[in-house]
Amino acid sequence: MSIFIDETTKVVYQGLTGSQGRYYGLLNKEYGTQVVAGTNPKKAGTDVEGIPIFATVAEAKEATGVTASCIFIPAPGVASAVLEAAEAGIELVVAITEGVPAHDEAKLFNTLRRDFPNTRLLGPNCPGLISPGKANIGITAGHIAKEGGPVGIVSRSGTLTYQALYELKQKDIGVTTCVGIGGDPVPGTSFIDCLEAFEADPDTKAVMMIGEIGGSAEEEAAEFIKNSMSKPVTAYVAGVTAPPGKKMGHAGAIVSGGKGTAAAKMEALRDAGVLVGENPTEAGDLMAKVVSSL
Amino acid sequence: MDLLEFQGKEFFASYGIPVSDGAAATDVEEAVAIAERIGYPVVVKAQVHTGGRGKAGGVKLAADGDECRTHASNILGLDIKGHIVEIIWVEKASDIAEEYYVSFTLDRSAKKYLGMLSAEGGVEIEAVAETNPEAIAKIHIDPAEGLDRDTCRQWVEAANLNPDATDGAVDILLKLFTAYVEGDADLAEINPLILKPTGEVHALDAKVSLDANSSYRHPEYAKYDETQPRDERELAAHAKGLQYVGLDGSVGVIANGAGLAMSTVDVVNQVGGSPANFLDIGGGANADVMAGALEVINNDPAVKSIFINIFGGITRGEEVANGIIEALNRVDIDAPIVVRLDGTNAEEGRAILRPALTDSLRMEETMLGAATKAVELAKTEG
């Protein structure tokens, strides 16, 4: 099993006709994802390599039965695109786009929680998610992940996620689902949402978590792990040496006033019984040990 | 993007928040002319991107033209924690009956806006939060709902301000909330918010940080951006579209992806070195991007060795390797380079790099191995 997506998930790409949407949409399709529709109000009736384009998500859903959407449109339109998908009854919306204003994200998150509690938003500013061998939605390089299990991955960082997938594959360890929640201040899906889903998934036996400096999401995750998780967790937190007050590329990766430091996060995770690696390789080695003792 | 006080006041004023009459000056005569126009006494305030201005002598009261001239000339050019004062703000001095604190920011954990209001303003709010947390009235505001007048009034009442300040405070708080949301601020803070003996409530200071992601809908951000403090290296990198943060070590770092770049900086530190920068070249790693990144690093005289750490995801190892070789043909690099290439088609990429390896271009298979080598080279070169 996997969490959030599998081989039956039908996906509409909002922005399939743009260069990024087209590139990754077709890659995802090639991977085996059911990429069955795209939307663009000006290009309804056309197609992208045989994938039909609809004017709206609602029309795409009506015609193809999609339950998930993937958003590749520019930042100014992301909030309304997510709401359009939610209004159409889409269950999982994956927003890849980076650079969405923080206030848009805050309003969007709370609007979804209030009006569309059945829609899960992943992102914005995330690499998407992959259930290896089943479906890949977003920009993760599918072939670097080994299918199967027993490990679930949840991460705030794109390239470090790739690194984790790759290291596990080198050690012949499979992954049920790998979720990139993104580095923005108000992510639609949190570490805890994913940990909860992995805890409930019978095929996931251990979880690898990749965090970053800034905010308190890792500390909250540590609290959840301590109280509600039976499965072993390993972790890595990037940004140990980041100077305070500097943004390191991600909107979320910023340390302010001594809060949200990597050291504090690692300590909270260790307190919760998590095996914390000092670098990505060590985190991979720790996971290999966990897997071999399962 | 953090605003200087005078920019924050302009920002507040554009949302109807009362601020003191004043203007910014860059030389002494301009400052005196402003003071003459608004009338004495005036306060002359250093405009720098750091706190502790008062203690450093950067805030002075002037009763007349002579005093204004003296203070302006002392403050201009003053070094406050490494920030040289180039702009001063001259404003009408205010009579103060009471000083309050108010701010709006995002509570990332609650995923809601957090408003904080305290009758104990004018001091570091962190100190109040520690010694007397009950003195801060906090409210969470649902971003999808906003803040209405009744809620705002209850909040003001909970903060125990002087009853004379209630109406004025409610009005300012609502305006500040509008400025925070519509102005796309990460932080909108007034400390102190003052009650004058005449009963008016007024913003005596302004601390505003804006969300650069929303600059596309705020043309006014361009003028705030001009006064941002910047490292020359950062300017050069941003001009090439690279994510760069200057640090003060000797190992130049190039990596693809913010997380990997951050992790690379960490690993350099872990093996006993000191990174010169954080540089994220993004997902791809073609010759243009790599050449641009190498140029930026090469122009930093502190760099003694360069660590290129690339993990191929969608981008294949061969493309990365060819990009590195082509970039090296275009740019003359002074410092030795250590490459770690992993991920998709890493072996093919390494095969392309292997014939090009010399003392000044080395390759290591692991991130730790490459970091160790780069640090060792930086120490020898240094």
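Every chain is numbered from 1 and lettered A, B, ... according to where its sequence line falls, protein lines coming before strand lines. Side chains included, hydrogens not; waters and symmetry mates left out as well; all remaining heavy atoms used.
Put simply, NE2 on A:His143 and CZ on B:Arg316 are 9.0 Å apart, with the number rounded to the nearest 0.5 Å. In this structure, CG on B:Asp211 lies 8.5 Å from CD on A:Glu105, to the nearest 0.5 angstrom.
Taking the side chain as every heavy atom from C-beta outward, A:Pro185 and B:Leu106 approach each other to under 4.5 Å. When side chains are defined from C-beta on, B:Glu145 counts as touching A:Arg114, because their heavy atoms get closer than 4.5 Å. The shortest distance between side-chain heavy atoms of B:Asn213 and A:Glu98 does not fall below 4.5 Å. Considering only heavy atoms from C-beta on, B:Pro143 stays 4.5 Å or farther from A:Phe109 through its side chain. Taking 4.5 Å as the limit, every side-chain heavy atom of B:Thr366 sits out of range of all side-chain heavy atoms of A:Thr281.
For the set B:Thr264, B:Asp266, B:Val181, the count of heavy-atom pairs under 4.5 angstrom toward chain A peaks at B:Asp266. Contact count versus chain B (heavy atoms, under 4.5 Å) is highest, among A:Ala238, A:Gly99, A:Ser216, for A:Gly99. Residue with the most contacts toward chain B among A:Glu167, A:Glu220, A:Gln163, A:Glu278: A:Gln163 (heavy-atom pairs, distance under 4.5 Å). Annotation: maximal heavy-atom pairing with chain B below 4.5 Å, among A:Leu160, A:Leu165, A:Val237, occurs at A:Leu160. For the set A:Thr140, A:Val186, A:Leu27, the entry with the most heavy-atom pairs within less than 4.5 Å of chain B is A:Val186.
For the residue pair A:Asn110/B:Lys112, the side-chain donor-acceptor check at 3.5 Å is satisfied.
None of B:Phe177, B:Tyr180, B:Phe104 except one satisfies the ring-ring contact (aromatic ring centres under 6.0 Å, His included) rule with A:His103; the exception is B:Tyr180.
The pair A:Arg113-B:Asp142 does not meet the salt-bridge criterion, since no charged nitrogen lies less than 4.0 angstrom from a carboxylate oxygen.
Other residues, nucleotides and ligands contribute more than 12 heavy atoms inside 6.0 Å of the NZ atom of A:Lys169. Heavy atoms from other residues, nucleotides or ligands lying under 6.0 Å from CD of B:Glu130 number 12 at most. Within a 6.0 Å sphere centred on NZ of B:Lys175, other residues, nucleotides and ligands contribute more than 12 heavy atoms. More than 12 non-hydrogen atoms from other residues, nucleotides or ligands lie less than 6.0 angstrom from CG of A:Asn227.
A pairwise comparison of heavy atoms in A:Thr111 and B:Ala144 identifies OG1-CB, 3.5 Å as the closest pair. Nearest heavy-atom pair, B:Gln270 versus A:Asn279, reported as atom, atom and distance to 0.1 Å: OE1-ND2, 3.7 Å. For the pair B:Gly257 and A:Thr159, the tightest heavy-atom approach, listed with the atom from each and the gap, is CA-OG1, 3.3 Å.
If you measure heavy-atom distances from B:Ala371 to chain A, you find no contacts under 4.5 Å at all. Of the two parts of B:Val267, only the side chain, counted from C-beta on, holds a non-hydrogen atom closer than 4.5 Å to a non-hydrogen atom of chain A. In this structure, the portions of A:Ala102 lying under 4.5 Å from any heavy atom of chain B include both its backbone and its side chain.
The aromatic rings of B:Phe311 and A:Tyr166 lie perpendicular to each other, with more than 60° between the two planes, well past the 30° mark.
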